[in-house]
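One-based numbering along the sequence shown. All of these numbers come straight from a predicted model, not from anything done at the bench.
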Amino acid sequence: MHTDVRQAARPESTEEDLATQMQTYRLQSFLKGRREHLNLRQIEVAERLDISERAYGNWERGQVKEWTDEKLYALAEALEMSEYQITRLFLYAAGRAPQPDLRAAFRRTQTEDPAVASFLGDYTVMLDALALPTFVIDQRWDVKMTNNAYRELFRDVKPHPTAMPCANFLRFGLFHPDAPTVLVDHLKWQMAMLTQLSSSLERHGEDTGLQAIRRDVYLHPALRDAYLTDMPNWVLGSGADLVHHEGTVRELRHPDPSIGLQGCRLLEETPRSLKALGLTRLTLVLVDVDDSLVPERHGSHQHHAA
């Protein structure tokens with residue numbers, strides 16, 4: 001009788017072992033791939049973490065007694081991970097989404113530092129020297145910094161109580177009546193933004209600002225249907241959200257007639273100093289419109305939530 005019970009339990013145990021092995025393999029591949037993408041050796045990552053090369057080798061192989069939030073956030077910073085990649089790291093290592101509380105407390109301490117305030121002031125000056133529209137956001141897509149080129153791009157946008165492009169980029173794209181005048185083929189921009197909203201809520205589900213955007217989406221029937229029905233199918237085709245699909249070329253129309261219609265790639269290029277403050281830098285890389293890059297632009301439809 002006891003032998004039968006043990007034998008019956010073996011298949012379940014084997015399945016659990018296979019699942020654990022698969023999880024470890026995903027983590028190994030993810031960490032090694034990220035490190036190699038940055039052209040870093042294990043010893044260089046270990047130095048960033050202030051641990052031995054042997055210890056980091058164990059981390060990369062998944063041989064860690066306990067993956068604490070401190071370890072995972074430190075690892076994410078050492079490997080210069082985006083928010084999307086941080087979520088993947090937590091899922092592979094700990095089987096759960098990241099908890100923002102620890103990181104938020106750390107960031108609050110940093111932003112009270114006069115040296116940090118001075119750095120942010122200098123960084124704003126540097127942004128203004130850039131020719132491409134560039135802006136800095138927090139986790140809820142509130143816009144914290146913009147440069148002259150960004151403000152010039154949206155100079156003709158009429159006032160709106162909650163959806164100005166220099167206040168919250170997601171709200172602007174989803175709710176502002178003037179958004180289609182700048183974001184050409186507006187439906188595709190909206191789908192990418194809805195996907196970004198969903199992705200951001202996966203990482204920061206307790207963020208009241210993101211929750212408020214989702215509530216407002218539900219108040220607009222077209223956006224609600226797109227969010228609940230169309231967006232999941234759209235993700236299967238595009239594979240990522242607004243930020244993490246940098247090869248995508250969308251279109252925008254610059255108010256300066258000499259610039260006019262442009263292709264646009266949204267490029268994330270966040271230095272570690274900004275990332276440590278919970279901020280993300282995004283640049284709208286403008287390129288000449290090419291029908292081979294945007295094959296559907298002549299047959300697309302636009303709609304927006306007024």
Side-chain angles (χ1 to χ4, degrees), residues 37-39 80 82-85 123-137 141 143-157 163-166 168-174 176 178-197 199-200 231 234-271 274-275 279-304:
H37 175 77
L38 297 172
N39 293 317
E80 302 176 25
S82 67
E83 292 292 333
Y84 182 82
Q85 291 164 335
Y123 199 82
T124 301
V125 173
M126 186 275 294
L127 287 184
D128 274 335
L130 301 178
L132 291 171
T134 303
F135 59 113
V136 175
I137 59 169
W141 284 72
V143 177
K144 298 301 183 181
M145 300 183 206
T146 63
N147 67 352
N148 287 328
Y150 181 89
R151 294 187 292 273
E152 181 68 12
L153 176 64
F154 298 105
R155 69 186 186 191
D156 293 338
V157 171
M164 293 302 290
C166 289
N168 186 287
F169 191 72
L170 289 186
R171 282 191 170 277
F172 168 72
L174 292 172
H176 200 299
D178 289 347
T181 65
V182 181
L183 306 178
V184 180
D185 201 356
H186 187 223
L187 177 59
K188 290 183 180 177
W189 280 97
Q190 281 191 326
M191 291 303 296
M193 289 179 175
L194 290 173
T195 307
Q196 183 63 57
L197 174 61
S199 177
S200 296
M231 184 266 291
W234 188 86
V235 170
L236 294 177
S238 70
D241 52 29
L242 184 62
V243 173
H244 305 102
H245 199 204
E246 293 175 347
T248 298
V249 178
R250 300 181 183 90
E251 288 184 301
L252 58 77
R253 189 178 301 279
H254 198 282
D256 185 340
S258 66
I259 302 175
L261 186 65
Q262 294 282 303
C264 174
R265 287 189 178 92
L266 189 65
L267 176 65
E268 179 194 353
E269 195 174 24
T270 309
L274 276 185
K275 193 174 296 185
L279 301 175
T280 300
R281 171 183 158 183
L282 300 172
T283 299
L284 300 172
V285 181
L286 306 184
V287 297
D288 290 336
V289 174
D290 185 332
D291 286 342
S292 67
L293 295 176
V294 194
E296 301 172 13
R297 70 186 181 97
H298 295 299
S300 59
H301 300 282
Q302 300 178 13
H303 76 262
H304 62 85

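The two residues A149 and A131 have their closest heavy-atom pair at CB-O, 3.3 Å. C166 and V143 make their closest contact through O-CB, 3.5 Å (heavy atoms, listed as atom of the first residue, atom of the second, distance). The shortest heavy-atom contact between N148 and D128 is N-OD1, 2.9 Å. The two atoms that bring Y150 and P165 nearest to each other are OH-O, 2.6 Å, heavy atoms only.
Judged purely by atom type and a 3.5 angstrom limit, H186 uses its side chain to pair as donor or acceptor with the backbone of G173. The backbone N or O of T146 lies less than 3.5 Å from a partner atom in the side chain of R151, making a donor-acceptor pair.
The side-chain contact (heavy atoms from CB on, under 4.5 Å) search around I259 returns H254, D256, Q262, not counting sequence neighbours. Residues satisfying the side-chain contact (heavy atoms from CB on, under 4.5 Å) criterion with R281, sequence neighbours excluded, are Y123, M126, L127, L130, T134, V136, E269, T270, L274, T283. Taking the side-chain hydrogen bond (donor to acceptor under 3.5 Å, both in side chains) definition, one finds that D156 meets it with nothing, sequence neighbours left out.
Within the 4.5 Å cutoff, side-chain heavy atoms of L282 are placed close to those of W141. Taking the side chain as every heavy atom from C-beta outward, M193 and L183 approach each other to under 4.5 Å. Using a 4.5 Å heavy-atom threshold, the side chains of V287 and C264 count as separate. The shortest distance between side-chain heavy atoms of R171 and H176 does not fall below 4.5 Å.
For the atom pair I137 CD1 and T280 OG1, the distance stands at 5.0 Å (nearest 0.5 Å). Going from atom CG of L261 over to atom CZ of R253 covers 5.0 Å, rounded to the nearest 0.5 Å. Atom OG1 of residue T124 and atom CE of residue M145 lie 4.5 Å apart, to the nearest 0.5 angstrom. In this structure, CG on L174 lies 7.0 Å from CG on L197, to the nearest 0.5 angstrom. The distance from the CZ atom of R250 to the CE atom of M191 is 11.0 Å, given to the nearest 0.5 Å.
Ring orientation note: the planes of F135 and F169 are tilted relative to one another, at an angle of 30° to 60°.
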